[in-house]
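See structure below.
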Amino acid sequence: MIQLDKQYEPGEVEKRWGKFWEEKNFFHADETRESSAFSIVIPPPNITGRLHIGHAFNNTLQDILTRWKRMQGFNALWQPGTDHAGIATQNVVEKQLHAEGTNRQDLGREEFVRRVWKWRDESGGTITGQLKKLGCSLDWERDRFTMDEGLSKAVREVFVTLYEEDLIYKGDYIINWCPRCHTALSDLEVEHQDTQGHLYHLKYPLKDSEDFLVIATTRPETMLGDTAVAVNPEDERYQGHKGKKLMLPVLNREIPLIEDGYVDTTFGTGALKVTPAHDPNDFELGQRHELETINVMNPDGTMNSLAGSAYEGLDRFECRKKLVADLKESGVLVKIEDLNHSVGHCYRCRTVVEPYLSKQWFVDAKTLAKPALKAVKDGSIKIVPKFWENTYFDWMENIRDWCISRQIWWGHQIPAWNCGDCGEIIVARETPESCTACSSKNLVQETDVLDTWFSSALWPFSTLGWPEKTESLKRFYPTSVLCTGFDILFFWVARMIMMGIKFMGDVPFKDVYIHALIRDAEGQKMSKTKGNVIDPLEVMEKYGTDALRFTLAAFAAQGRDIKLAEDRIEGYRNFCNKLWNASRFVFMNLEDYKGSCVLDNTNTLSKPDRWILSRLNQATKDVNEALEAFRFNDAALTVYKFIWNEYCDWYIELAKPKLSGSPEERAATQNVLIHVLDSALKLLHPFMPFITEEIWQKLPQNENSIMVSAFPEFQESQTDEEIEKEMQVIMEVITGIRNIRGEMNLNPGLKLNVLIKTQNPEIQKSLLDQVDYIRELARVERMEAGSNIEKPKVSASSVLGEMDLIIPLEGLMDFEEERNRVEKELKKIEKDLIFLDKKLSNPNFVKKAPAEVIEKDEHRKTSLSEKQAKLEIHLKTIKQGLC
RNA sequence: GGGCGGGUAGCUCAGUUGGGAGAGCACCGGCCUUACAAGCCGGGGGUCACAGGUUCGAGCCCUGUUCCGCCUACCA
């Protein structure tokens with residue numbers, strides 16, 4: 001006989017089954033298998049990553065879907081992999097070098113890249129091990145890395161194709177420059193933060209005049225690169241100055257006054273300094289007016305020689321300080337105002353980014369966005385929850401070209417070669433031997449690498465073998481669903497849609513499930529610097545992986561951010577224990593059991609048996625429907641309630657008397673206990689894979705693992721509404737008795753006698769049929785049920801539907817308590833009746849509401865009135881007793 | 001500036017087509033009832049942010065206000 005410990009201990013169990021699943025290769029999806037496919041690609045974690053709570057959440061949801069579909073018989077693939085995470089990884093290794101007293105420049109590019117690979121081989125797998133601990137059923141055989149040979153080939157293929165179609169181009173534009181990372185960033189990689197800054201008002205003198213204009217700027221140091229001042233042509237203040245020249249203070253450079261409708265007459269003084277090399281708007285102004293561009297900064301954020309000898313070499317912020325002091329002294333500075341404005345920061349290192357003119361590579365995003373926009377508009381891709389679609393549309397409709405070149409070393413080097421002789425740019429899939437224009441062998445490859453998100457954008461097909469035409473692609477593309485947080489909707493999701501449609505001719509996934517972000521108990525974003533991170537590994541250690549997974553699923557409602565509270569995890573840890581002990585009970589009663597988990601003979605079933613089977617069927621339906629709609633929380637809660645509130649609270653209790661009944665009764669009950677436990681474990685398995693496997697393996701069945709067993713399916717024939725109603729009445733009586741016992745402080749051990757008066761012969765019969773359950777569960781000695789019951793004077797009583805529940809309490813009666821109890825009940829009824837009366841006496845309601853609603857209310861009113869009358873009589877006798 | 005999400009019990013949150021609000025935790029009372037004290041039984045607790053509107057009927061639909069959070073933007 002199988003004995004379970006009194007408490008569930010997750011640690012050892014999790015290790016054992018994790019290993020078992022992997023050894024049995026259950027996570028593998030075979031592309032040659034015929035059954036219909038279900039596929040998900042993991043949002044590839046950075047190789048620098050350690051599993052944080054966001055990963056745990058995201059991957060738990062994916063694992064739930066994958067396990068569920070796999071059990072449903074789908075050929076289910078969950079594609080694993082990691083991202084090389086260009087800047088992030090480079091920063092990590094650079095930090096190491098710094099600690100060793102060296103740097104990447106000293107190492108040189110080749111050696112540095114070798115060093116990063118070495119780091120990746122040694123530490124890049126951390127997250128993989130952690131995902132395994134979480135129980136993720138990823139097909140590890142297919143593990144991919146964005147810098148793998150195959151995926152790099154895909155990157156080249158895409159780059160070259162887009163270049164050939166003029167969808168990738170190279171040009172001089174203002175980009176976001178991070179002076180610390182020494183690289184360009186895409187617009188998305190800049191985090192805007194509202195910052196309390198200053199607006200400096202400066203006098204720009206007109207040439208050969210005492211007169212001057214006042215301009216306003218937040219970044220005075222950029223004035224050193226000014227090549228014009230602009231005003232709005234409509235601005236009356238400046239009508240007299242048309243065509244004049246100004247002298248740039250400090251450098252005494254002559255600059256023109258130009259007119260452009262872009263200038264906002266209401267901001268500052270209505271005069272705008274124009275710095276085409278250091279501001280995106282000024283750059284456009286400059287292009288329109290053919291202004292010179294003067295770049296006054298070095299890539300590291302210090303001022304260069306064009307800034308003038310007084311400032312050359314200074315850091316941009318030091319320069320600002322010194323310059324402002326100088327301007328104040330020379331009388332150029334008019335005033336300094338406080339200004340709250342948003343300042344861009346590098347999303348990797350938090351350094352203030354600098355708008356910077358430089359030569360970069362861009363993707364023509366507008367062209368690629370069009371079909372990607374359409375795919376969501378026409379429903380080829382569904383975003384859940386739907387409100388994210390608007391955000392997606394908005395961004396895609398206003399998309400700007402994507403800067404894809406990065407001046408770092410770790411990543412996919414751009415497949416472009418510059419001819420040292422004729423200057424030709426050669427973009428090619430294979431490294432060229434010689435220049436296509438002049439046949440020179442003097443070719444140097446572009447040193448820039450591609451934005452990390454460029455390779456991520458190809459993930460749904462590059463991982464399946466593209467550009468080769470593989471079986472895996474055929475079977476698993478398009479993938480079924482993409483599951484991710486909204487923070488990378490633009491970074492990743494939108495770009496995958498663009499690239500998928502462009503290169504596969506089909507969407508990369510049919511559904512996108514966007515989940516919320518997890519915050520701490522105060523609603524703060526978790527971050528290491530704040531020290532408020534919940535470490536999933538610690539939580540798993542403390543409460544068990546299943547408890548964490550279930551908590552995350554139960555929180556996954558569609559809407560607000562998730563404030564993770566530890567007591568919820570504890571609550572679901574308790575649920576594990578509850579399930580464990582219910583199973584323990586089942587196993588304790590199986591020593592003579594000979595059957596299997598499959599119900600063979602339904603004829604011998606008792607009413608509670610039929611009831612729990614019907615309820616199981618309903619739960620099955622609800623779970624499947626909820627998962628189908630990505631309502632993880634509903635699905636989780638359904639299983640929870642079924643197991644705890646129905647199977648444990650009622651069915652096991654109802655089963656106890658039958659287990660000590662006749663051998664036939666005992667056998668039948670064992671059958672149902674086991675069958676329902678078996679099914680409940682399956683329903684729960686996607687959420688709690690470890691404990692369900694542990695218990696399931698002890699059940700009498702022959703399959704390999706619960707994870708490859710068949711997920712329960714709803715069967716119309718298994719629903720039995722009659723039985724559900726009948727059992728409801730029995731439960732009501734039991735609860736009613738318990739209620740009186742509790743409210744009147746009667747000793748729980750005290751056996752009561754119970755009278756039930758009812759005119760309904762069916763209820764009478766049912767009560768008498770099932771008197772054993774009532775006696776057992778409500779601790780009743782004798783029960784009488786009939787239509788001619790006399791109510792003893794000294795008794796507690798309540799009205800339950802068509803039944804009058806009477807408990808004689810001669811010698812035990814606390815009249816005071818009973819009066820309070822009945823008066824409380826009457827008060828409630830009175831309130832309800834007033835409400836119903838009002839409603840039913842409203843002619844419009846009677847006229848317009850659907851018949852069934854009216855009928856329901858009328859019925860309710862009658863039964864409440866009856867109940868009220870009966871209770872009032874009862875109350876009278878109580879009061880007599882009190883006197 | 002534009003957009004999105006949220007405001008429901010003391011706390012954390014559900015509430016799927018509109019028909020008088022639920023869970024977990026916390027709280028109160030009673031129980032070691034041989035599966036489980038990480039448990040069992042019973043109980044109290046809500047002007048569903050505010051103000052209007054539509055409707056016979058609104059937590060749910062519409063409008064406005066307010067507070068919180070987030071996204072986005074070329075506010076020098």
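The model shown is predicted, which means the values in this text are computed figures rather than measured ones. All chains are named by letter (A, B, ...) in the order of the sequence lines, taking the proteins before the strands, and each is independently numbered beginning at 1.
- Checking B:C13, B:U72, B:A14 against the side-chain heavy atoms of A:D634 singles out B:A14 as nearest.
- RNA chain B is contacted by both A:A582 and A:D567; A:D567 maps to the nucleotide lying nearer its 5′ end (nearest heavy atom per residue).
- Between A:N340 and A:A557, it is A:A557 whose nearest contact on RNA chain B lies nearer the 5' terminus.
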Writing each nucleotide of RNA chain B 5' to 3' as (, ), [, ], | or . by Watson-Crick or G-U pairing under 3.5 Å yields ((((((((.[[[[.)...(..]]]].(((((.......))))).....[[[[[..)....]]]]])))))))....
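- By the side chain to side chain contact (heavy atoms under 4.5 Å, CB included) test, A:R573 pairs with A:Y543, A:A547, A:E570, sequence neighbours left out.
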Its contact letters, B for base, S for sugar-phosphate only and - for none at protein heavy atoms under 4.0 Å, make nucleotides 41-46 of chain B read SSSS--
All N/O pairs under 3.5 Å across the protein-nucleotides 30-32 of chain B interface:
none

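- If you check B:A73, B:A38, B:A76 against the side chain of A:H192, the one that comes closest is B:A73.
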So which protein nitrogen or oxygen atoms get under 3.5 Å of nucleotides 3-10 of chain B's nitrogens or oxygens?
residue, atom, partner, partner atom, Å
B:U8, O4, A:R560, NH2, 3.2

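- Listed by residue number, A:F845, A:K848, A:A849, A:P850 are the residues of residues 845-852 of chain A with a heavy-atom contact under 4.0 Å to RNA chain B.
- Evaluation of A:F267 against the base of B:A76 yields no stacking contact (centre distance < 5.5 Å, interplanar angle < 30° required).
- By the 4.0 Å N-to-carboxylate-O rule, A:E830 lies too far from A:K827 to be salt-bridged with it.
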